[in-house]
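A short worksheet on the structure shown next.
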Amino acid sequence: MTSIQENSRIKSAEQITEDIFRLTLHAPMIVSLAKPGQFVMVKTSSNLDPLLRRPFSIHDVSADGDLLLLYKTIGKGTTLLSALTQGMSVDLIGPLGNCFTYSGNHDVCLIGGGMGIAPLLFWARHLSSGVTKPGTHRVLLGARHRRELQPVATAFQSLGYNVDLATDDGSLGHHGFVSQLLPPILPSVQGVYVCGPTPLMQEVANQCHEIDIPCQASMETHMACGLGACLGCTIHGSDGTYKHVCKHGPIFDAKEVLWTI
Amino acid sequence: MTSIQENSRIKSAEQITEDIFRLTLHAPMIVSLAKPGQFVMVKTSSNLDPLLRRPFSIHDVSADGDLLLLYKTIGKGTTLLSALTQGMSVDLIGPLGNCFTYSGNHDVCLIGGGMGIAPLLFWARHLSSGVTKPGTHRVLLGARHRRELQPVATAFQSLGYNVDLATDDGSLGHHGFVSQLLPPILPSVQGVYVCGPTPLMQEVANQCHEIDIPCQASMETHMACGLGACLGCTIHGSDGTYKHVCKHGPIFDAKEVLWTI
Amino acid sequence: MDHLNNQSPVDLAVNIGGIQLANPVMTASGTFGYGREFAQFVNLDAIGGIVVKGISIEPRAGNPPQRIVETPCGMLNAIGLENVGLERFIAQKLPYLRSIKCRVVVNILGDSVEEYAYLAEKLSEHAGIDGLEVNISCPNVKKGGVAFGTNPAMAQAVTEAVKKHSTLPVIVKLSPNVTDIAAMAKAVEAGGADAISLINTLIGMAIDIDKRRPRLANIIGGLSGPAIKPIALRMVWQVANAVSIPVIGIGGIGTTEDALEFLIAGATAVQIGTANFYDPGAADTIISGLTTYLEQHNETSLINLIGSLDTGVLS
Amino acid sequence: MDHLNNQSPVDLAVNIGGIQLANPVMTASGTFGYGREFAQFVNLDAIGGIVVKGISIEPRAGNPPQRIVETPCGMLNAIGLENVGLERFIAQKLPYLRSIKCRVVVNILGDSVEEYAYLAEKLSEHAGIDGLEVNISCPNVKKGGVAFGTNPAMAQAVTEAVKKHSTLPVIVKLSPNVTDIAAMAKAVEAGGADAISLINTLIGMAIDIDKRRPRLANIIGGLSGPAIKPIALRMVWQVANAVSIPVIGIGGIGTTEDALEFLIAGATAVQIGTANFYDPGAADTIISGLTTYLEQHNETSLINLIGSLDTGVLS
Ligand SMILES: Cc1cc2nc3c(=O)[nH]c(=O)nc-3n(C[C@H](O)[C@H](O)[C@H](O)COP(=O)(O)OP(=O)(O)OC[C@H]3O[C@@H](n4cnc5c(N)ncnc54)[C@H](O)[C@@H]3O)c2cc1C
Ligand SMILES: Cc1cc2nc3c(=O)[nH]c(=O)nc-3n(C[C@H](O)[C@H](O)[C@H](O)COP(=O)(O)OP(=O)(O)OC[C@H]3O[C@@H](n4cnc5c(N)ncnc54)[C@H](O)[C@@H]3O)c2cc1C
Ligand SMILES: Cc1cc2nc3c(=O)[nH]c(=O)nc-3n(C[C@H](O)[C@H](O)[C@H](O)COP(=O)(O)O)c2cc1C
Ligand SMILES: Cc1cc2nc3c(=O)[nH]c(=O)nc-3n(C[C@H](O)[C@H](O)[C@H](O)COP(=O)(O)O)c2cc1C
Ligand code: FES
Ligand code: FES
């Protein structure tokens, strides 16, 4: 797939909670190439510390070339990113990696936990503009607290999706893990897309595996280049080989991934 | 001398020319200790690149605890500094080093070239608040162009000084080096204070030496700590020993410095 | 030699032990894939040379994750020499490399002198390869796993074997994890190396303080990036003064200024490694930066710059 | 042992070859002056120990400027071992050091085994010195200027001489510029060292591309700071596994997390070097950070942490 380096301009930098941010970048060239599930490598500093770019899923795109990131500050790079303000520029490489795939004309379920929600909005937008109506698909989203979940869930709702929610503290929706919302829904869908913490993805992969429903999972790993050059971004495949997340992924058929490690 | 670490707040960040900036920092503790000629070590980044603090002369202080820096962007650290805006904080260590001294009751001449003007304003303020009137002292300032010189010269003028100016391109005052303004003045003063590029300081030191007028020069060198701990900040002394600018200086009797190297 | 055409009056061409490069900017093994990965970010035709990821006789799966850790101004990698192996390299990677204009150097690695010799022989049979770079940072399994690159005699033996079995120019790539880099350089020069490249990565480590486990599955890894530049530059200077074959400088080079430091220290060419990851257009930027520098300094040929360091009395 | 009083239930005390420290945080030679320079930034009484600037028999003027260069996440220094000499150290610096509560270690350097022995003997006569740290990164002028620290036999000889002439605990400080750091460690352990500290600086270089001259008057200098941390940590881990005497970790330590990495790797104490320059309160911050970490991990004693690295199969 084609990817490019683009110097984007920050159109808005919103702080959603203490540590969650949404960045709207004007990056028309990358947006014109982007497919749901792909990611960008972001330069978070103009100096050499931190040295490497940071990978972020493409959260959403707009028709006029805006690219959205949804991210949580966890360390050096994301903290620097959160200090940027409107009008500043951010150097991006993307779109990178493969994308979610939909084999058409049936109902699916999107499950996201925490920042794993990020790639699902773009995917939901894509699905809603396609052959099926949003109403027939299911969206399950989970997070720690309502403050974190509400603003993100709204975006799915405005696409016309019926969204079921779960929070760790019960402040919104189901009190518990979002994966607990899946069992009653699973028999009625023909495909699942999951992104979130590994335990969530593993649990969802297991549930799908048991009743043989196809499941695509978006994987995270440490990356140096995002370009397939460093060979650093490995995960264990179920076939005993290593998979490179930036090249073979980030979207994997859940069956290809060795979840037990 | 006592020095402390103080997290200052930016009260204003003015851009004077393309590459010259004036930063007003609220640093009441350092200001309360500061003497003219001293400097501060400034942390220019929240990360590890650039790693070391940068030394800057104390350009001026105000009664309510403001500390001014006058600086030129030449590399990584100063470029980062220039991107900071009002309300942000800057970590300082200071005041450091020794200070200009005045033995009282006679006329002196202050000569500054380029960013060497920085420490002279604080010194001029001090002298003007002391035993003598500003009008009887002389101030000679030089820079590349009027845009650079004018705003800085104004500050001396508002202290009541009669200021003679020189610019490299003749756009303000004498067309040439500021040291060329000194010979006619020298016989009428009993002391000279100089700060600027080494050739300027050397030339002034020579002129003073010839007619045996005391001259104090503010020296620059590469510094790691500013605290007398790293022993990195050496210059050659005229007596064959090394001098440490952060501890023995930055103000030296021009006769103590080996200018020929 | 159409790739030597150049609008600028400045001549950037250099020769590395028989390999004629349009300019001294190469990309380092393991950091530039097989070239194709960077086609969208740099003009591959304009690069001096590409050194491909280290090739072994058989494919290698490499180490388990986690393979990389960021460190201050650097990174650790423990890829574990994952590569497609000789056969797939020739079948799947070489054709594309042949289609681009820049010089192609194949980095080779083995567990024994014989493996290096075999690779050298086989690769010499294929068109489109301009030189070999021998990675001697690998453990010699027959000698208890001591790295070839930490023992002058072993390094010399590998060099001799590769030279004997190959018709291609041979660059030997030194490991910096040694007491006396000049001694290593002299040993491989004595072994017949046509050129020397250095440095490979320095051995480092990082620990997860919450899990109290190494961050890398392999425990230790190779440190690269700007952090190591001062060490690399010192070693390149020492080696350039110790041998008479050309030296290629590697280690933390990311800007034109970095490349110039190495050239002035005595390197005839440079390789860009880790910088390709955070700045995939680095090679292009540096090539045009070198031209600008030469123009500004009224030099017509880059050759004049090489080893021009003046170490006369400093004050 | 009033300095061991601690409100927190957490015990940070460690013993370095007979030197009892209130906590494992020391400051590294050459980066903390003679203590006094930092009195306004850290609570000197609360630091585990101060290692003073390296002392030679006679005062040394050091190298001409430029002596320091900033590098990516690090710095090069070529101070040239400037110091006040033995006599003035004892007359002018020791009294102040005696007045503070933390342990005082004197770093010594010489041009010959005899000079080290002489320094060890003289310093042992003075109260207020808790230990010696032997800097073996210096050139042995009798052996053609090869650094003591790059040759196991020479390093062992210096260690033996110092031990023989001193009643104080002896820490030998290793140079990282070697192929086999564990061999160096074993040699100084065999020589009778009570503890080992590492690493000293890595040899590096920087060039002014406009002047085409080295930035340092001394041409080469020692690289320190966060850039070298991964290398230092690897060496500390290797040495801690190779010897049974305590190891002090040094190299790029600037935060609590950095210090913890070294302790977990097997260091009994750490020294803060370059970080003192950009963050003069670093030692204080790290001491309280260690307490917090232990509390959060329900450890009552820091000792349990030392060498707790789990290198079992990783995935
Ligand atoms: C394909 C992909 C898509 C991602 N999408 C998102 C997203 O949409 N929103 C979001 O908040 N986060 C996302 N992440 C995780 C994000 O990349 C990390 O949170 C980020 O790199 C942390 O950087 P830092 O400097 O703040 O943290 P630090 O801990 O300081 O980073 C240190 C190093 O660890 C790496 N690292 C740290 N955490 C992770 C992680 N979870 N996964 C991979 N590498 C990590 C960093 O890249 C860096 O190299 C994604 C990761 C991948 C691989
Ligand atoms: C006592 C003292 C007072 C100073 N006062 C002022 C002032 O009031 N205004 C002002 O504009 N500048 C002043 N300088 C110079 C100022 O410190 C440098 O311009 C600044 O450090 C450059 O940092 P940089 O990161 O932008 O440049 P870089 O070139 O990226 O810096 C690289 C390294 O070189 C050092 N360095 C670069 N230039 C100089 C220099 N001229 N002198 C010493 N070290 C240098 C830096 O500190 C750093 O360690 C003073 C220097 C000293 C020693
Ligand atoms: C991820 C990665 C993989 C590497 N793989 C190889 C390799 O296969 N063969 C080799 O000789 N060097 C390899 N190297 C070393 C580089 O070619 C280079 O010598 C080193 O990284 C120092 O240069 P740098 O600081 O510019 O990265 C690798 C380096 C990295 C970072
Ligand atoms: C400016 C400077 C001077 C130093 N002087 C000495 C010295 O006199 N003796 C010594 O053994 N080590 C000396 N060192 C080495 C440090 O003690 C330490 O081993 C090294 O800097 C690595 O630690 P760091 O990365 O924390 O700085 C010096 C280091 C620096 C930066
Ligand atoms: S991140 Fe470099 S190969 Fe995937
Ligand atoms: S700057 Fe460190 S001693 Fe002067």
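Please read all numbers here as calculations on a predicted model, not as lab measurements. Proteins get letters first, then strands, A, B, ... in listed order; numbering begins at 1 in each.
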If you round to the nearest 0.5 Å, how far is CG of C/D208 from CG of D/L309?
-> 10.0 Å
Looking at D/E257, D/H297, D/Q296, which one forms a side chain to side chain contact (heavy atoms under 4.5 Å, CB included) with C/D210?
-> D/H297
What's the spacing between C/I228 CD1 and D/L202 CG if we round to 0.5 Å?
-> 11.0 Å
Under 4.5 Å heavy-atom distance to chain D, tell me which part of C/T71 shows up: side chain, backbone, both or neither.
-> side chain
What pair of heavy atoms forms the shortest contact from C/C73 to D/P72, and how long is it?
-> SG-C, 3.7 Å
Examine whether an atom of C/I203 lies under 4.5 Å from a heavy atom of chain D, and if so say whether it belongs to the side chain, the backbone or both; otherwise answer neither.
-> both
D/D310, D/T311, D/L233 screened by side chain to side chain contact (heavy atoms under 4.5 Å, CB included) with C/P214, the one that passes = D/T311
In terms of heavy-atom pairs under 4.5 Å, which option from C/G225, C/P230, C/P176, C/A227 contacts chain D the most?
-> C/P230
Can you find a heavy atom in the side chain of D/I207 that is under 4.5 Å from one in the side chain of C/F262?
-> no
Under 4.5 Å from a heavy atom of chain D, the part of C/I220 involved | side chain
Shortest non-hydrogen contact from C/R212 to D/S308?
-> CD-OG, 3.3 Å
No-hydrogen, no-angle side-chain donor-acceptor test under 3.5 Å, D/T179 and C/T179 | yes
Structural part of C/I209 lying under 4.5 Å from a heavy atom of chain D | both
Below 4.5 Å from any heavy atom of chain C, which atoms of D/I231 appear? Answer side chain, backbone, both or neither.
-> both
Who among C/E261, C/K229, C/M235 has the most heavy-atom pairs with chain D under 4.5 Å?
-> C/E261
Contacting region of C/Y293 [heavy-atom separation from chain D under 4.5 Å] | side chain
Going through the distances and angles, do C/L76 and D/R234 end up as a side chain to side chain contact (heavy atoms under 4.5 Å, CB included)?
-> CA-CA 11 Å; C/L76 289 166; D/R234 182 264 299 182; over 6 Å; no
Under 4.5 Å from a heavy atom of chain D, the part of C/L260 involved | both
